[in-house]
There are 2 protein chains.
Amino acid sequence: MGKDIFVPMNILPSTLYSAIAHETRLRCLMLLLEHDELCVCELTHAIGAAQPTISRHLAHLREAELVSDRREGLWIYYRINPELPVWVTNVLQETANGVRGVAPFTEDLAMLKQMPNRPGAPRCA
Amino acid sequence: MGKDIFVPMNILPSTLYSAIAHETRLRCLMLLLEHDELCVCELTHAIGAAQPTISRHLAHLREAELVSDRREGLWIYYRINPELPVWVTNVLQETANGVRGVAPFTEDLAMLKQMPNRPGAPRCA
DNA sequence: AACGAATATATCTTTTCCCATATATTACGT
DNA sequence: ACGTAATATATGGGAAAAGATATATTCGTT
C-alpha cells in the first residue's frame, strides 16, 4: 500500500496565463529558463525592481505552481517547477523564442551577467 | 516608391497573455483554431454566454490583434489573425494540445457541432 | 421607410490586481 | 543572546478588468 503512483500535475490555462501576463513575472521565468536556479537577490538585481516587488511576484508564481523554491542558508533559490506538464514547458520555451533579443528580456540577462558577488556563483563558467 | 515592404507584426507577450488569461477569450481562440472562421452567433452558441459578453471579448481579442474580422451580410466572421508571429501561433497550438479533452473546451466543440441553422454552414462536411 | 436580425457599444457596479511602504520572519555570525 | 542580511508578508489606496443590462449600429427584406 502507499504505492507511489505518479500523478501528473495539472495547470489551468487561466492560471498559467494570468501568471505570465504580468511582465515582471514573465521576466523572472525567462531568466529561470536560462539559469536553472536563481536566488531572489539575483532576480532583483537583474530586473531592477524593489525586493518586496520581486518577492511578491515570485510568491504568485509559486502559488500557481510554476516555480519551486529551496532554501540554502540565507538564500532562497527558485527554479521552474520540474514537474510542469509538457505543453506548459513548450509554451514557456516558445515565449523565450518570441522575446529573444527584445527588451527588457535581453537586458535582464546582461544585468545578471554583470552582477557582482553572486551567491551561488556559476560553478562552471 | 511605396514599395510594399513586408513588415512583420509584433505582439507583446503581456498583450497576448492578458488576452488569453480570460477563459472565455481562450475558448473563442480554441474554437477558431479548429474552425478557420466562425461568426459571433456560432461562438455564442458554442460557449453558451450572453451575446454582449462574447462580443465584448471578441473586441478585446481584436484590439490585441489576435483575431481579424470580416462582415458578410448580417454576420461578422472572426478568424485567428493570419499574420501572427510564429511564436504566438505555436503558443496557441501548444495550448490546444494542453486542453485537448478538457472541460469546457471539448464541450464547446460538441455544442458547436450540434448547433442548428449555422449560417456559414460547413461547406465540406 | 419601416421592421427585424445580428452584432456592437455604453453605463454602472463590483471585484480583482498592482504598487509602495512598512513590518515580520528566518538564518547566520559574533 | 544580539545584530545583520536575505527574504517574506501585511496594509492601504488607486487603477484596471469583468459582469449585467440597456441601448445603438448595421444590414437585409418587404
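What's counted below: heavy atoms across the whole structure, side chains too, no hydrogens, waters or symmetry copies. Proteins get letters first, then strands, A, B, ... in listed order; numbering begins at 1 in each.
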Taking atom [atom2] of [N] as reference, at what distance in whole Å does atom [atom1] of [X] sit?
| X | N | atom1 | atom2 | value |
| --- | --- | --- | --- | --- |
| A:M115 | D:dA6 | CE | C1' | 11 Å |
| A:D69 | C:dT26 | CG | P | 14 Å |
| A:I54 | C:dC19 | CD1 | C1' | 13 Å |
| A:N117 | D:dA6 | CG | C1' | 14 Å |
| A:I20 | C:dC17 | CD1 | P | 16 Å |
| A:L61 | D:dT7 | CG | C1' | 16 Å |
| B:L58 | C:dT9 | CG | C1' | 13 Å |
| B:E72 | D:dC27 | CD | P | 13 Å |

Ring pair (Phe, Tyr, Trp, His ring centres under 6.0 Å) partners for B:H60, two or more places apart = none
What's the closest nucleotide to the side chain of [X] if the choices are [options]?
| X | options | answer |
| --- | --- | --- |
| B:P52 | C:dT7, D:dA5, C:dA8 | C:dA8 |
| A:Q51 | D:dA8, C:dA6, C:dT9 | D:dA8 |
| A:H22 | C:dC18, D:dC27, C:dA22 | C:dC18 |
| B:L74 | D:dC27, C:dA8, D:dT7 | D:dC27 |
| A:I76 | D:dC27, C:dA22, D:dT7 | D:dT7 |

Stepwise side-chain hydrogen bond (donor to acceptor under 3.5 Å, both in side chains) test for B:R62 and B:Y78 = CA-CA 9 Å; B:R62 190 191 331 122; B:Y78 283 84; 3.1 Å; yes
Name the residue closer to the 5' end of DNA chain C, choosing between A:R71 and A:T53 according to the nucleotide with the nearest heavy atom.
-> A:T53
Considering just the side-chain nitrogens and oxygens of [X], establish if one lies under 4.0 Å of OP1 or OP2 belonging to [N].
| X | N | value |
| --- | --- | --- |
| A:Y78 | D:dA8 | yes |
| A:R25 | C:dC18 | yes |
| B:H60 | D:dA16 | no |

Measure across B:C39 and B:P119 and return the closest heavy-atom pair with its distance rounded to 0.1 Å.
-> SG-CG, 3.3 Å
Could you say whether A:S55 or B:H57 is positioned toward the 5' end of DNA chain D, judged by the nucleotide with the nearest heavy atom to each?
-> A:S55
Taking for each residue the nucleotide of DNA chain D bearing the nearest heavy atom, is the 5' side occupied by A:W75 or by A:A59?
-> A:W75
Give the intermediate values and the outcome of side-chain hydrogen bond (donor to acceptor under 3.5 Å, both in side chains) for residues A:E94 and B:N90.
-> CA-CA 7 Å; A:E94 280 299 334; B:N90 289 346; 3.2 Å; yes
Look at all strands and tell whether B:R56 reaches a base, only sugar-phosphate, or nothing, counting heavy atoms closer than 4.0 Å.
-> base
Applying side-chain hydrogen bond (donor to acceptor under 3.5 Å, both in side chains), run through A:Y17 and B:T95 and close with a yes or a no.
-> CA-CA 10 Å; A:Y17 292 129; B:T95 308; 2.5 Å; yes
